[in-house]
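One-based numbering, in listed order, for ligands and for the atoms of each. No hydrogens, no waters, no symmetry mates; every other heavy atom, side chains included, goes into these values. Throughout, numbering of the chain's residues begins at 1 and tracks the sequence.
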Amino acid sequence: MAEKPWDGRFEEKTDAAVEAFTSSIDIDRRLYTYDIDGSIAHCRMLAKSSIITEAESLALIDGLEKIRAEIATGAFTFSDRLEDIHMHIEDRLAAHVGGVSRKLHTGRSRNDQVALDVRLYLRDASRKIIQGLVNLRKTLVGMAHQYVDVTMPGYTHLQRAQPVLFSHHLMAYYEMFTRDTRRFEDGLKRINVMPLGAAALAGTTYPIDRAYTAQLLDFPEISENSMDAVSDRDFILEFLADASICMVHFSRFSEELVLWSSSEFKFIELSDGFSTGSSIMPQKKNPDVPELVRGKTGRVFGSLISLLTLMKSLPLAYNRDMQEDKAPLFDAVDTLIACVDIYTRMLPKIKINGDQMADALLTGYINATDMADYLVCRGMTFREAHGCVGRAVSYGLSHHKELHEMTIEELRSFSDLINEDIFPALTTRQMIDRRQSFGGTATVNVRAAVGRAEQRVADENRSINTF
Ligand code: ARG
């Protein structure tokens, strides 16, 4: 092969500094197997459309498979001179199959080729993430099942608000990760569109059969517009937005795990295998895994912002700027997969201190709403009841007493609607189990929600390969 495929038009050789500057091989080499899959489908389509012969197609495919094996085993040499993975493979093909290698690129451009490769890559990555999220959700549901009865304070403004089941809290994250799963599934519809055949930007003069290429590569759709096909990266933007939202959920969960494992809360204890120590303070056991997940959230947001900035104002169609899409994309995919994986391993090993959580329910006037509800049930308006309980709380604060620690006489001084039956109404169990509105924290609701979720993750696990 000539030194460069575009050599014909140039009088001077490419400057070595430019070769180094424009090369993307260190990043895009990981697309090699998708590039080869795409090239094989392209060869088969060219033969079927009689653009090359069947024998030529078979020779090309044979050479491409040899290159796949060479790269997989580390026997392949990469160099900046050949810029990217597409040129490396085409160049090496000449060594395996000789002159016929120069027919591979018929009716194709690197512009539609790279769009195809990234779509194939992201389709696989999305499926891996979806499978990972299903496993994570299964783990969460398993924990919710195991600890269904454990009670804890629910917070607003990080102040104790009302009692909830710990399982209800876990199931809140289950819901978030379920929506994340749905978003990635939905994004697959936009990823799963076959761009090959758009060529450089305008389509090609050869009688290609794009539907056949799509069928070979298992794409349900082909792109409608060649200029859009080579210049669109919104399927990546959408993926990065979905990944960022998923990381928001991880970062919130992480923040809670960090707080809960502090001496101030002591609600949980991370296992030794998932904690690290301090090089100076012998007593320390640090929650580095959730801290790092919280920190890595920034990297994924960064990838989204990078790509938004990269694509903003680019004229149609392909621009070399777009080569910069891969580093942030790969980094976000790797980061997200690592976070999903480590969480799925870490969560089941967490020790839950149910007694400590229950103790936290005994102070902080967490039963104030329930006292107001008690008064409403006995005829007071909610606003009046709110004021009345507010006065009881104020009295309690100055006398160092919780509502349930006051005598019946003290309580009746705020309203004569109060009777002895107020005490059971102020217990954690009743406060939780009376919240039976759909989606509320009553044990019966949470058990049912856990049951539905168990069924859902089992079904999803079975159908995982059908997107
Ligand atoms: N390495 C390039 C990229 O990732 C491939 C496309 C190059 N096309 C071109 N016309 N220079 O975007």
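Figure legend: cation-pi geometry between R44 and Y212 absent, as NZ or CZ is not positioned both under 6.0 Å from the six-membered ring centre and within 45° of its axis. In this structure, R119 satisfies the cation-pi test against F235, with its NZ or CZ atom closer than 6.0 Å to the six-membered ring centre and inside 45 degrees of the ring normal.
Ring-centre distance between F78 and H88: below the 6.0 Å cut-off. If you look at F184 and F239, their ring centroids are closer than 6.0 Å.
Few gaps surround CZ on R456; more than 12 heavy atoms of other groups in view lie less than 6.0 Å from it.
Residue D228 holds its CG atom at 12.0 Å from CG of L201, rounded to the nearest 0.5 Å.
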Starting from the N and O atoms of ligand 1, collect every protein N/O partner closer than 3.5 Å and put each pair on its own line with the distance to 0.1 Å.
residue, atom, partner, partner atom, Å
ligand 1, 1 (N), D84, OD2, 2.9
ligand 1, 1 (N), Q323, OE1, 2.9
ligand 1, 4 (O), K326, NZ, 2.6
ligand 1, 8 (N), N111, OD1, 2.9
ligand 1, 10 (N), N111, OD1, 3.2
ligand 1, 12 (O), Y318, OH, 2.4

